[in-house]
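Below, read A as the first sequence line, B as the second, and so on, with proteins coming before strands; counting in each chain starts at 1.
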Amino acid sequence: MELDKAYDHSKVEEKIYKIWEDSGFFNPDSLPGDRKEPYTIIMPPPNANAPMHLGHALFVTIEDILIRYKRMRGYKTLWQPGTDHAGFETQVVFEKKLEKEGRSRFKMQREEFYKECWDFVQSNKHITENSLRRLGASCDWSRNIFTLDPEIVKVVYATFKQMFNDGLIYRGDRLGNWCFKHQTALSDLETKYEERVEPYYYLKYGPFAISTSRPETKFGDKYVVMHPDDKRYEQYKHGDKLNLEWINGPITTTVIKDQAVDMTFGTGVMTITPWHDAVDFDLAQKHKLDKEQIIDKYGKLLPIAGEFAGMKILAARPLIIEKLKQKGLLEKIDENYKHNVQTCYKCSTLIEPQIIPQWFVAMTKPLPDSRPSLRDMAIKAVIEKKVEILTEKFEKTFMHWMENLRDWPISRQIWWGIPIPVKYCADCHEPIVDTENIISQCPKCSSANLTQDTDTFDTWFSSGQWPFATLMANDARKGLGIKDQGSDFNTYFPTQVMETGWDILFFWVARMIMFSYYKTNKPPFEKVFLHGLVRDKDRQKMSKSKGNVIDPLGVIDTYGTDALRFALIFSTAAGNDIPLAEDKIKGMKHFANKLWNIARYILAIEDVGTALEPSTITGGSRPSPTGTTPADKQILAKLDVVVNSATKNMESFNLHEAAQEIYHFVWHEFADIYIEASKEQLKNEKLKASTLSTLNFSLLTILKLLHPFMPFVTEEIWSKLNQQQLLMVAAWPKN
RNA sequence: GGACGCGUAGCUCAGUUGGUUAGAGCGCGCCGUUCACAUCGGCGAGGUCACAGGUUCAAAUCCUGUCGCGUCCACCA
């Protein structure tokens, strides 16, 4: 048998993937042998609309390594694939596309928009899935699912209804983060703070001095707040009324004393704008104060602003200041006030807090069946290691976040997503949960005058249920109940590992744990393995919205999937970011070629026609100790060490260490030392048998060790060795 | 403001519970191609493991402090 002089991945990868896929071994139901113990990874569903980036390559590499390893160890392995409609993310991308075409969703019908967005996502979805194939992902495509598939939506709706009935979901007039551009509320996680330098104004408010960077919010200020212990304002009592001249004329203000005021900040006096500020909102709630909307949802001033009504806030600001100045109410301006402003994480538009009715999930409210709150169940699970977050660093971060958790707003005023299954009675205003869309009469007042809620769910409300929703959906498709023998949910839940990026620890992982306990009283997964971010060569974060994503398919074309995978895993400790240098990938292509040539050397000996039968060459049984040379003994001993250590590292998720030691062994022990020694030994007829046997045993073992990391080249070489079964289901080496 | 992490060879980074001459990829210097591989081989240069203390028989690894860098969370009217 003669191999090509160099390994050519382009001739191999597509062919091998097809062999794997045709074998059916991606599907746990079709694996050879009697496999009882399941090992399950639910794939974090990639955003269906987004082209693949190196983050995908990294997660596929890690998860595929784990799955292939466990498959070789005889587990009933399920890697559940899927794609994500990614509500807001996708809508933003799609709206940008519309914008380029000179269109806008605000000029479209909702149905028209949804259909176009659906088609857009569907066409990109296949591209994403094929990219996963090119990366060698050995996931079970027969179970492939999409977050908007009806079986998933059904599970999501059932959870919503159950939570609503349990009083864990409520509709509230609460202050939310409002993005003017995207015309939707956002959760705190979907906003970011940006440092800006803006003028800061000191104003005369009757006898007081107040300060603000946002004079346009001040029209409705009819309360003035100070700390009860502040000696400077002793003469003012809580509830005192004062008349004073303000922007648009005389007003009456009421003194409020509250400890929330920081006496050391500014003058220790502030006025409040409950409709547009979180602290002020809380104060107003506490003291039952009036709340007035100053700015509408398009960022324009309302009639309360008098002559400024209808103006955009930023345009009005200098005019308001000018008027204050003319009235002698402006004391001074600090032009270089540095502060952080909250902005939309997608478009950096200033976030305006607004009171808008939204649906919330109560995170800290105990469950009606006497279980603790969603938040507390998740904290308990992590403390008790029912869910183990790998690396202490992330566990700490997780706990810190959980302990400060607030209620979660789950409604969005966008169109791309799962509609909230609620109707409102126009007569008695009762919200009616209608998950089947069959209710036409208000159960309370019998009115037939019902209107549909127009909001959609936060994507994470549905993807937070992904681990059990996917398995339940699989069962629904097969007509199985979740408790039936052999159902996916029964067999594969809880799953073993959740592998994902640390950047969605709060968005996703935390929510999955909470939903899972709520719904099943079990953890969704036993371990959480968080990988870092693949950064570009300037260490910049790669993201769809920044447009700096590097297409991994180009790198694969040049160097091969195995090289990319090995480069990604090679120096990747859990949780550390990875700046990917192309040189590293190139080096790993060389390694694949090295492996190829090791096999080529061994196979060539066979062709040269030694005394050995091919069966001996390819049998791969461990050489018997008698008749081996010190060199044979040494390499076999080292092989044992590597098998041992690599196995240990695979079990403890130190994949990069396993990769490194295998690499070192193959190149610098086996090739550099033993193969060189073998050339001399083969000249001696008496040593030929044991030498060949040592070479072959070592090679076969190496192929098994490397297969999870470099599946293509190892499977290809394996096939040249006339093996009966595929390497992907060969047994992991033991010693 | 709160929390977390990092500082190891010219560059990018590994180094699990403290234990022999601290590693990899790339780069660099010299030598070597009929004999698996030039996508290679051999030899080599290069690190006071940020700094200062401490614990220990033993510290890159544990503790304290200093300097420098970064991340996350929250946010002052």
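- Across the interface with RNA chain B, nearest-nucleotide mapping of K679(A) and Y193(A) shows K679(A) to be the residue nearer the 5′ end.
- As judged by a 4.0 angstrom heavy-atom cut-off over every strand, T212(A) is placed among residues touching the sugar-phosphate backbone only.
- Remark: G44(B) base-pairs with C28(B); criterion is Watson-Crick or G-U wobble with both hydrogen-bond distances under 3.5 Å.
- With P as the reference atom, C28(B) and A36(B) are 28 Å apart, rounded to whole Å.
- Regarding L283(A), its CG atom lies at a distance of 12 Å from the P atom of C76(B), rounded to whole Å.
- Listed nucleotides: C72(B), A77(B), C75(B). Nearest to the side chain of N340(A): C75(B).
- For I605(A) and C37(B), the CD1 to P distance is 12 Å, given to the nearest whole Å.
- Here, C57(B) and U48(B) have their P atoms 28 Å apart, quoted to the whole Å.
- Separation of the Y337(A) and H339(A) ring centroids falls under the 6.0 Å cut-off.
- At a threshold of 4.0 angstrom between heavy atoms, the contacts of D672(A) are confined to the sugar-phosphate backbone, with no base atom among them.
- For the P atoms, the distance linking G54(B) with G7(B) amounts to 23 Å, nearest Å.
- Remark: E292(A) engages K222(A) in a salt bridge, criterion side-chain N to carboxylate O under 4.0 Å.
- Using a 4.0 Å heavy-atom criterion, one finds that F506(A) contacts the sugar-phosphate atoms exclusively.
- Rounded to the nearest Å, the gap between the P atom of G68(B) and that of U21(B) is 35 Å.
- Nucleic acid contact for V261(A): base, since at least one base atom lies under 4.0 Å from a heavy atom of the residue.
- Mapping E194(A) and H400(A) onto RNA chain B by nearest heavy atom places H400(A) closer to the 5' end of the strand.
- To the nearest whole angstrom, the two C1' atoms, one in C62(B) and one in U56(B), are 10 Å apart.
- Pair assignment for U33(B): none, as no Watson-Crick or G-U wobble contacts are both less than 3.5 Å.
- Distances were taken from every side-chain heavy atom of I675(A) (C-beta onward) to each of C76(B), A36(B), C75(B); the shortest belongs to A36(B).
- With a cut-off of 3.5 Å on both pairing distances, the Watson-Crick or G-U wobble partner of C62(B) is G54(B).
- Across all strands shown, A77(B) forms no Watson-Crick or G-U wobble pair with both distances under 3.5 Å.
- Going from the C1' atom of C6(B) to that of U66(B) covers 16 Å, rounded to whole Å.
- Listed nucleotides C72(B), A36(B), A77(B) differ in distance to F265(A); the shortest reach to its side chain belongs to A77(B).
- In this structure A22(B) sits in no base pair that meets the Watson-Crick or G-U test at under 3.5 Å.
- W401(A) places its CH2 atom 10 Å from the P atom of C73(B), with the value rounded to the nearest Å.
- At the heavy-atom level, Y202(A) lies nowhere under 4.0 Å from the strands shown.
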5' to 3', nucleotides 24-31 of chain B under a 4.0 Å protein heavy-atom cut-off (B base, S sugar-phosphate only, - none) gives SSS-----
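- Proximity of K594(A) to the phosphate of G41(B): a side-chain N or O atom is located under 4.0 Å from OP1 or OP2.
- With hydrogens and angles ignored, no donor-acceptor pair closer than 3.5 Å exists between the side chain of K5(A) and the base of A38(B).
- Because its NZ or CZ atom is not both nearer than 6.0 Å to the ring centre of Y559(A) and within 45° of the ring axis, K589(A) does not count as a cation-pi partner of that residue.
- As rounded to whole Å, 13 Å separates atom C1' of G32(B) from atom CD of E676(A).
- Between K396(A) atom NZ and G2(B) atom P the separation is 17 Å, expressed in whole Å.
- Nucleotides A60(B) and U8(B) have their C1' atoms positioned 7 Å apart, rounded to a whole Å.
- Pairing for U39(B) is absent, with no Watson-Crick or G-U wobble pair whose two atom distances lie under 3.5 Å.
- Aromatic pair F398(A)/F394(A): centroids not less than 6.0 angstrom apart.
- Ion pair E89(A)/K346(A) flagged as a salt bridge, since at least one NZ, NE, NH1 or NH2 atom sits closer than 4.0 Å to an Asp/Glu carboxylate oxygen.
- Within 4.0 Å of T273(A), counting heavy atoms only, lies no atom of the nucleic acid at all.
- Between Y345(A) and Y193(A), the distance from one ring center to the other does not fall under 6.0 angstrom.
- Counting only heavy atoms from C-beta on, A6(A) has its side chain closest to U39(B) among C72(B), U39(B), C76(B).
- Salt bridge annotation for E651(A)-K648(A): absent, with no cationic side-chain nitrogen under 4.0 angstrom from a carboxylate oxygen.
- Straight-line distance from the CD atom of Q681(A) to the P atom of C35(B): 21 Å, rounded to whole Å.
- Distances shorter than 4.0 Å separate none of the side-chain N or O atoms of H656(A) from OP1 or OP2 on C13(B).
- Using N1 to N3 plus N6-O4 or O6-N4 for Watson-Crick, or N1-O2 and O6-N3 for G-U wobble, each under 3.5 Å, A3(B) pairs with U71(B).
- Remark: aromatic rings of Y200(A) and Y202(A) are close, center separation under 6.0 Å.
- For Q342(A) and A74(B), a side-chain-to-base donor-acceptor distance below 3.5 Å is absent, hydrogens and geometry of angles not being considered.
- Here, G1(B) and G19(B) have their P atoms 38 Å apart, quoted to the whole Å.
- Relative to the six-membered ring of F360(A), R174(A) meets both conditions, a distance below 6.0 Å and an angle of at most 45° to the axis.
- At whole-Å resolution of the value, OH in Y601(A) and C1' in U34(B) are 16 Å apart.
- Distance CD/Q354(A) to CD1/I294(A): 10.0 Å, rounded to 0.5 Å.
- Within 6.0 Å of NZ on K291(A) lie more than 12 heavy atoms contributed by other residues, nucleotides or ligands.
- Among the heavy atoms of the strands, none lies under 4.0 Å from A278(A).
- Contact check, Y674(A) against A36(B): no side-chain N or O comes under 4.0 Å of OP1 or OP2.
- Taking atom CG of D258(A) as the reference point, atom P of A77(B) lies 18 Å away to the nearest angstrom.
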